[in-house]
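In what follows, a single structure is set out as structure tokens and then discussed.
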Amino acid sequence: MAHDREVLRMIWEGQIGICFQADSEEIVGLRPEPFYLMVSRLSYLPLVTDKVRKYFTRYIAAEHQEGAVWFDFNGTPLRLHYPIGVLYDLLHPNEDGTPWCITIHFSKFPEETLVKLNTKELLESHYLACLKEADVLKHRGLVISAMQKKDHNQLWLGLINDKFDQFWAINRRLMEPYNDQESFKNIPVRFYYDDDFTYMQKLISPLNEAGQRKNLADLMAELSTPVRKAVGFRTHGICLPEETQLQWMSEHMSYPDNFLHLSVDYVSE
């Protein structure tokens, strides 16, 4: 299945306007104005932390300035290892054209809830682990195991420096069927539910028993239970048509970790 480069670029260029505000309990003196940034949906909060920390540090009590930074939205701590677009779609599903307002904290890190990724090196390790897991599902791990360290570095640097061509020159090997096979072994996908901030994984084949490519309607049937019926999927802020093929989605709408991150809409039966 040939890649549609314009679709890949449009996904890559997706951004979210964020309004960062400081925790009022940590401020010393006058309350600072919010800090606004346009951030990539494909990025991670730890990759924008330095800019936000630098802006707010002078307003924060000295004993908190070196603390591990974390963020929340309406009291919900934001997973630092989730892509920003996934967080936004889960917690702010109805796009209203206004910036997403979240709060930065310099103290009281919620270690029982969040994975502490206070260095880019830790985030890079997590990212590469996700790539390896996705490649095991798609290609039995054969593609990424054949890559060199410089390829891994090029992927990571392309992502954090917003270099589309640099990133996709390497990532296309991971996104395409291996050795001219027509389909992946499995589709790497993580399912999120509106009432739960965790995700579920299960083995999803791109083909049905007759060898035909499956679409989202087929996936809805697989995920539906006698109690709840799956009626829709969202990713990258898009409600997806039922006829969309799973293989095409995996090749064009996966996040840079090579997983499809799908928010599942359910109704009670």
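Remember, predicted model here, so these are calculated numbers, not experimental data. Index from 1, following the sequence.
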Query raised in the report: Any Lys/Arg nitrogen of D151 or R173 sitting under 4.0 Å from an Asp/Glu carboxylate oxygen of the other?
Result: yes

**Report entry** Check ion pair D165-R5 (N to O, under 4.0 angstrom)
**Finding:** yes

Query raised in the report: Only one of V189, L223, D265 clears side-chain contact (heavy atoms from CB on, under 4.5 Å) with F233; which?
Result: L223

Query raised in the report: So I18 and F71, side chain to side chain contact (heavy atoms under 4.5 Å, CB included) or not? Walk me through it.
Result: CA-CA 12 Å; I18 299 184; F71 304 86; over 6 Å; no

Look only at the side chain of [X] and the backbone of [Y], and say whether a donor-acceptor pair between them is shorter than 3.5 Å.
X    : Y    : value
S250 : Q247 : no
T235 : H261 : yes
N186 : L203 : no
Q154 : I170 : no
E242 : N215 : no
N208 : Q212 : yes
H236 : L42  : no
N161 : K163 : no
K214 : S205 : yes

Do [X] and [Y] have side chains that get closer than 4.5 Å, going by heavy atoms?
X    : Y    : answer
Y192 : D89  : no
V52  : T49  : no
L123 : W156 : yes

Report task. Consider only side-chain N and O atoms of D72 and H105, and report whether a donor and an acceptor are under 3.5 Å apart. Result -> yes

**Report entry** Aromatic Y82 / basic R190 pairing, under 6.0 angstrom, 45° off normal
**Finding:** no

Requested in this report: Measure from NZ or CZ of R41 to the centre of the six-membered ring of Y88, then state whether that distance is under 6.0 Å and the direction lies within 45° of the axis.
Outcome: no

